[in-house]
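Structure first, then comments.
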2 protein chains.
Amino acid sequence: MATIKDVARMAGVSASTVSKYINGGHLRQENVESIRNAIDALDYRVNPFARSLKAQRSRSIGILLPDISAPFYGSVVMALDKCFREHGYHTLISCYGSNHGLERDNLSFLITNGIDGLIYIPEDLSADEFYELTGNFSIPTVQVDRIIQGVASDAVLVNNTDAVYQAVSLLVQRGHRRIAAITGPKSVFTAKERLVGYLRALSDHGILYDDALVISDENDFATGYRGFEALMAQLDRPTAIFTTNYDITIGLVTAAREQGVRIPEDLDIFGFDCVEICTMMKTPLPVVHQPEQEIGQTAAGYLIDRLEGYGGLPRTTRLECRIEPSGTI
Amino acid sequence: MATIKDVARMAGVSASTVSKYINGGHLRQENVESIRNAIDALDYRVNPFARSLKAQRSRSIGILLPDISAPFYGSVVMALDKCFREHGYHTLISCYGSNHGLERDNLSFLITNGIDGLIYIPEDLSADEFYELTGNFSIPTVQVDRIIQGVASDAVLVNNTDAVYQAVSLLVQRGHRRIAAITGPKSVFTAKERLVGYLRALSDHGILYDDALVISDENDFATGYRGFEALMAQLDRPTAIFTTNYDITIGLVTAAREQGVRIPEDLDIFGFDCVEICTMMKTPLPVVHQPEQEIGQTAAGYLIDRLEGYGGLPRTTRLECRIEPSGTI
DNA sequence: GCACAAACGCGAAACGTTTCGCGTATGCAC
DNA sequence: GTGCATACGCGAAACGTTTCGCGTTTGTGC
């Protein structure tokens, strides 16, 4: 494995000149050429550890999230990865599986591994814990999708409340008065916000809230599947159901179909996230679609700004969701 | 940020003694204690770059794959990430989006970033290209899910042929003679193998192959959805359809349902991968289920063995898929 | 052809760790 | 109390890069 000294020797210059060449300095034309030749001949590559040690930065970005196998997160991470790579950063991905201890440990692990910046989808850490783990290292952070109350960092969120408000309002316009909701854990930021949109829409349309119509459990298939059964077992059934997550939506629709319940004739459903699946149906299921690409791009942009020295106050972006199919409203 | 020298000074020992402590050497009890105290007091953490520079290894593993947002890959990566973390490695994940140029670039990028080992789900690289990019660095590699012909590395695959053979045989046992298949691109390793299983099952049961019944396109929802339409538009329709991928399965089922085609009464379907969705249906859709956890664990184990010095011949494991729901056969 | 300014390249030091060989302290047996 | 073997800690060197200040070369204007 060739070093910068080997290149310098072969090119007949000093190591510092080669370094200057690599890092974009101005050199005499003849030196440029001989260095380029030497690098090619030796197949020289900069040693990233020596560089990081000296320069005190690694050009690596930590991404800490609950679960990379969830399609929404997967898509966001794809977008992040692409943006960072295009700017010469690489990504260290770490999943904590909605486990509090692991969320702590993996955050600590990323920091210990010398990340320059952090993309963080939090779940169960307090502001105190976050600062305890990161405070002394003051790593630029962008929170994505959710935020920890009391942590002042850049953040990229979606406008959960408005999106859900629109969706539920649409169901009202279609004539529904008994509209149920199946959501994820109430302790999670996004579930809370989405519930607020639901409540506000009901209230603005003069519909009384009935807590028998709201089911909060895990963000998974089973919650949607069993939620359907629980709601339909009631005497005064809902005529429409709104969901707040990909897996819940699929579980719900699957259960409805199995029971021979026609959508939307017998039961109206408004889904979340699974736009590819839902919009290709003959009678497309309307869904709230979060802009994964845009989320990733915005978050990566914020972080890169910070890494390049931007020192302004923390910024928060609320990206708008789209209702799909777009002609629905 | 405290260094090892600060710790040494505070503990009243030399830096080399602290290093010995950190790396598990044997020290006098009083030194152990004063060093531990100093580390706590200063919140000292090893600088990973200095360590990597000196020790010539980074404890980082590259994972190169097409698309992290696909649920199957996502699950495998979750398992890999967990195993490596438990052994003190972290993962550098890089997606190339089924793009040949990116597959090259990202491989090169990972190597340039000093990974100790590589987990690789290949698609479109030749053995020559692979060796050109990695040869001089001889990085321990485990190929997963697919392999490049001519690259001799450890590999973890599933027994695609047998799994599909079983699935198609099951359809035959149920009385089907016209069994269609919808698969991914024929150039991809897994699609090829799965097609072999399909052909062999037909042949073993004395069924003539009809190439109008085989559709090969992308591994996506649209392929399944349109595949249904194309197959059902034929004069001599299939009575059963077999798929080889998650998205294709969902597309196919969605299309069938929209047309009011009853499964399995009107059309029998055998799906792939989407076990969570399919087994929760009232009449569970049988699927081939790949053992994502086991794949990840086995691959991580192989790589860790190599990193710890194992020098045996390349090993290949073929893991068995399961037919779900398990009582199907 | 000379003087000066600008451009450019060089060497040394530093980043924070691990490793290696050597020297000192320790403990044991007599 | 002495001698020896062992255990332990120390200092120095090395990993490969970037950076900084200084000295040399180059070019320009007269």
Side-chain angles (χ1 to χ4, degrees), chain A residues 1-39 42-60 88 90 111-116 136-137 307 309, chain B residues 1-39 42-60 88 90 111-116 136-137 307 309:
Chain A
M1 186 73 193
T3 75
I4 203 171
K5 289 181 189 166
D6 300 326
V7 174
R9 196 176 311 122
M10 179 179 252
V13 298
S14 76
S16 32
T17 305
V18 179
S19 175
K20 203 168 174 184
Y21 168 85
I22 292 167
N23 296 292
H26 206 335
L27 303 184
R28 254 206 312 264
Q29 189 56 31
E30 56 184 285
N31 283 338
V32 169
E33 274 160 25
S34 61
I35 290 174
R36 189 189 315 129
N37 291 339
I39 286 177
L42 296 169
D43 193 19
Y44 167 76
R45 318 216 192 169
V46 174
N47 180 312
F49 308 118
R51 167 178 277 179
S52 293
L53 174 60
K54 182 63 195 168
Q56 306 287 29
R57 57 184 182 65
S58 61
R59 303 198 73 84
S60 77
H90 54 271
I111 292 167
T112 305
N113 276 286
I115 54 173
D116 285 349
N136 307 326
F137 307 91
L307 295 170
Chain B
M1 186 74 194
T3 75
I4 202 172
K5 289 180 189 168
D6 300 324
V7 174
R9 196 175 311 122
M10 178 178 254
V13 298
S14 76
S16 32
T17 304
V18 178
S19 175
K20 203 169 173 184
Y21 168 84
I22 293 168
N23 297 292
H26 204 334
L27 303 185
R28 256 207 311 263
Q29 189 56 30
E30 55 183 287
N31 284 338
V32 168
E33 275 160 27
S34 61
I35 291 174
R36 190 188 315 129
N37 291 338
I39 286 178
L42 296 169
D43 193 20
Y44 167 75
R45 317 215 192 171
V46 175
N47 180 311
F49 308 119
R51 167 178 275 179
S52 293
L53 174 60
K54 182 61 194 172
Q56 306 287 27
R57 56 183 181 64
S58 61
R59 302 198 73 83
S60 77
H90 54 270
I111 293 166
T112 305
N113 276 286
I115 55 172
D116 284 350
N136 306 326
F137 307 90
L307 295 171

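In what follows, every chain begins at residue 1, and chains take the letters A, B, ... in the order their sequences are listed.
An angle of 30°, rounded to 10°, separates the two end axes of the helix from dG1(C)-dC30(D) to dC30(C)-dG1(D), each defined over five pairs.
The Asn47(A) side chain lies nearest to dG16(D) when the options are dG16(D), dA14(D), dG11(D). With dC8(C), dC15(D), dT26(C) as the candidates, the nucleotide lying closest to the side chain of Arg28(B) is dT26(C). The side chain of Arg51(B) lies closest to dT17(C), out of dG16(C), dT17(C), dA12(D). Among the nucleotides dT18(C), dT17(D), dC10(C), the one closest to any side-chain atom of Val46(A) is dT17(D).
When rounded to the nearest whole Å, the span between CG of Asp6(B) and P of dG16(C) equals 9 Å. We find that CD of Glu30(B) is positioned 9 Å from P of dT26(C), with the value rounded to whole Å. Between Lys20(A) atom NZ and dG21(D) atom C1' the separation is 12 Å, expressed in whole Å. The separation between Gln56(B) atom CD and dA14(D) atom P is 14 Å, rounded to whole Å. Protein atom CG of Asn31(B) is 14 Å distant from nucleotide atom P of dA25(C), rounded to whole Å. Regarding Leu53(A), its CG atom lies at a distance of 6 Å from the C1' atom of dG16(C), rounded to whole Å. Between the C1' atom of dC20(D) and the CG atom of Asn23(A) lies a distance of 15 Å, rounded to the nearest Å. Taking atom OH of Tyr21(B) as the reference point, atom P of dG9(D) lies 13 Å away to the nearest angstrom.
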Test Tyr21(A) against Ile39(A) for side chain to side chain contact (heavy atoms under 4.5 Å, CB included), laying out the working first. CA-CA 11 Å; Tyr21(A) 168 85; Ile39(A) 286 177; 3.7 Å; yes
One pair to check against side chain to side chain contact (heavy atoms under 4.5 Å, CB included): Arg57(A) and Leu307(A). What are the steps and the verdict? CA-CA 10 Å; Arg57(A) 57 184 182 65; Leu307(A) 295 170; over 6 Å; no
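The side chain to side chain contact (heavy atoms under 4.5 Å, CB included) with Val18(B) is formed by just one residue from the set Val46(B), Asn31(B), Ile4(B); it is Ile4(B).
The local environment of CZ in Arg36(B) is crowded, with over 12 non-hydrogen atoms from other residues, nucleotides or ligands closer than 6.0 Å.
Both Ala15(A) and Val13(B) lie close to DNA chain D; mapped to their nearest nucleotides by heavy-atom distance, the more 5′-ward contact belongs to Val13(B). Mapped onto DNA chain D by nearest heavy atom, Ser14(B) and Ala50(A) fall at different nucleotides, with Ser14(B) at the one closer to the 5' end.
We find the OG-CG distance between Ser60(A) and Asn113(B) to be 8.5 Å, quoted to the nearest 0.5 Å. To the nearest 0.5 Å, the span separating CZ on Arg45(A) from CG on Asn47(A) amounts to 12.0 Å.
The backbone N or O of Phe49(B) sits nowhere less than 3.5 Å from a side-chain atom of Ser52(A) that would complete a donor-acceptor pair.
Within 4.0 Å of Leu27(B), counting heavy atoms only, lie sugar-phosphate atoms of the nucleic acid but no base atom. Contacts of Tyr44(A) with the nucleic acid, taken as non-hydrogen atoms under 4.0 Å apart, involve only primed sugar atoms and P, OP1 or OP2. Note on Thr3(A): only backbone sugar-phosphate atoms sit closer than 4.0 angstrom, heavy atoms only; bases stay farther off.
A salt bridge (Lys or Arg N to Asp or Glu O under 4.0 Å) check over residues 8-20 of chain B, counting only residues at least two apart or in different chains, returns the pairs Asp6(B)-Arg9(B).
Between the side chain of Ser16(A) and the base of dG11(C) there is at least one donor-acceptor pair of N/O atoms closer than 3.5 Å.
Between Thr17(B) and dG9(D) there is no side-chain N or O to OP1 or OP2 distance below 4.0 Å.
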